[in-house]
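In what follows, a structure is listed as structure tokens, so that the remarks can point back to it.
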2 protein chains.
Amino acid sequence: MAKTEGNINTWLDQIHNKYKTAVSVDCVIFGYDETGLKVLLIPCDMPPFENKLSLLGDIVHPNETTDQAAHRVLYKRTGLDDIYMEQVQVFSDLNRHPLGRVITVSYYSLIKINGNSFMELKDNHSLQWKNVSEINELAFDHKIIMDTCLERLRKNLREHPIGFKLLPPVFTLQQLQTLYEMVLGVELDKRNFRRKLSHLQILKPTGDSQKDVSHRPAKLYYFDQMEYEERNINGFSFGL
Amino acid sequence: MAKTEGNINTWLDQIHNKYKTAVSVDCVIFGYDETGLKVLLIPCDMPPFENKLSLLGDIVHPNETTDQAAHRVLYKRTGLDDIYMEQVQVFSDLNRHPLGRVITVSYYSLIKINGNSFMELKDNHSLQWKNVSEINELAFDHKIIMDTCLERLRKNLREHPIGFKLLPPVFTLQQLQTLYEMVLGVELDKRNFRRKLSHLQILKPTGDSQKDVSHRPAKLYYFDQMEYEERNINGFSFGL
DNA sequence: TTGACTTAGTGTCAATTAAAAAATAATTTT
DNA sequence: AAAATTATTTTTTAATTGACACTAAGTCAA
């Protein structure tokens, strides 16, 4: 890919020698269950953060984009691909990494905790889900990265139909509302929430209902991605 | 800043040698006048882009963050600091740079074309403002970078009071409306535009009016940043 | 099987906000 | 002083949002 004339390679070598910089990705992997929003973390083994947890990340390889690196990290740890992922922000403070200059690109992704068996399948004994509200500190600047990604997630949740990516393929309206309330930290009016959703026309009933609940079962819905894209909706708002 | 134990430096050296990657910043510097939205460009002297224009950018130095690098680039070229700037996105395609692996962090910034004499002050004979609508191709992947930044600018223009940063400190309501119409590519109703703005209460009249116009002079306003922040408005919307 | 319990699901009205549209006032030029 | 140009204000109407309470459906246990 690079021109291989001597003086040009020299220029690039000069850059590399003079501006020694490593580039990494860090993934804020959000999951959700009825107890709240969670992030997938791993114990850090690098001094001085031996007792801290850290986000999942890695150095960006020479033959991949940062997006590919982020997907690689996610796949290696969870066995999941085809996952929603969004680049958020670069963090490049000079002292953010104890070993030297490491510039990191942060991503967040949304995965369904229930219905995925990756916790068993992969070499993941050290991975753990931690409730967002219980995370007070992390290794490196990962707490700041997580908070930044959480803010971005909240903003996107208000404007785009991504909440479904944290739920099973089929869900009840109550589950969806609870997700919004938990992630955004607000209370929503049940009737207004349903009116807004039915007006958007992006949810389709499956025809089935909940089973094995000791009360009136709720109808099940799924998100119709195709119809959403056809109708060319440029985002929406859940109005706080 | 880095721990200086031998084996640790070895690790970092390995990274540097194995994953040789340069990091740069590219700035999409937006300016505005009555003919439309413009971007500040410079001729590219690197093969195979000798006849193309490119964005302003540079390698990130070892002793600065990417934000600082972007501000440095802007200051060096225009003599301006204290400029609104926003990080947008990382571009890391493998073939984006002909000399090898260069990952770039893109920024956009908003400056006032009129009332700044930087074009005279600095070594800027080769810099040129180019109308956004007339830019069909640029060196490297800079066209894609510009388009991405333009989309981000438009989104922010709808949600935050940043339009003023493209206008002189004092301006008429008509000027402001025209700016919105030109940047967003929409027509706005004059009466509704004014009502919306007056309801936001972020513009203050200077008491003065236009001079040297051959018709009724319009009143001049300025944006009251202090009051905006005090009133703690979390963005607004110009509703398309 | 009936009654108590639990969660699902539904509609109206008031208030606010957004949209559309027309007339008047200020200033310069002729 | 009359005409032309542009600035500014107000009213009416439609759409959206927010507040609010009861009935329906199904389970479980007596």
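Reminder, nothing fancy here: chain letters follow the sequence lines and each chain counts from 1.
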Counting side-chain heavy atoms from CB outward, which of D/dG26, C/dA20, C/dA8 is closest to B/Asn192?
C/dA20

Output yes when at least one side-chain N/O atom of [X] is less than 4.0 Å from OP1 or OP2 of [N], else no.
X	N	value
B/Arg194	D/dT8	yes
B/Gln174	D/dT6	no
B/Lys196	C/dA19	yes

Just the rounded figure in Å: distance from [atom2] of [N] to [atom1] of [X].
X	N	atom1	atom2	value
B/Phe171	D/dA7	CZ	P	15 Å
A/His215	C/dG9	NE2	C1'	13 Å
B/Lys219	C/dA25	NZ	P	14 Å
A/Phe193	C/dT10	CZ	P	14 Å
A/Asp189	D/dA19	CG	P	8 Å
A/Lys190	C/dT10	NZ	P	10 Å

Please test A/Phe164 against A/Phe171 for ring pair (Phe, Tyr, Trp, His ring centres under 6.0 Å), starting from the C-alpha separation and ending with a verdict.
CA-CA 9 Å; A/Phe164 320 109; A/Phe171 48 86; 5.7 Å; yes

Closer than 4.0 angstrom, basic N to acidic O: yes or no for B/Arg72 and B/Asp81?
no

Counting distance only, does the side-chain N/O of B/Asp189 pair as donor-acceptor with the main-chain N or O of B/Asn192 below 3.5 Å?
yes

Please compare A/Thr172 and B/Arg195 by the position of their nearest nucleotide in DNA chain C and report the one closer to 5'.
A/Thr172

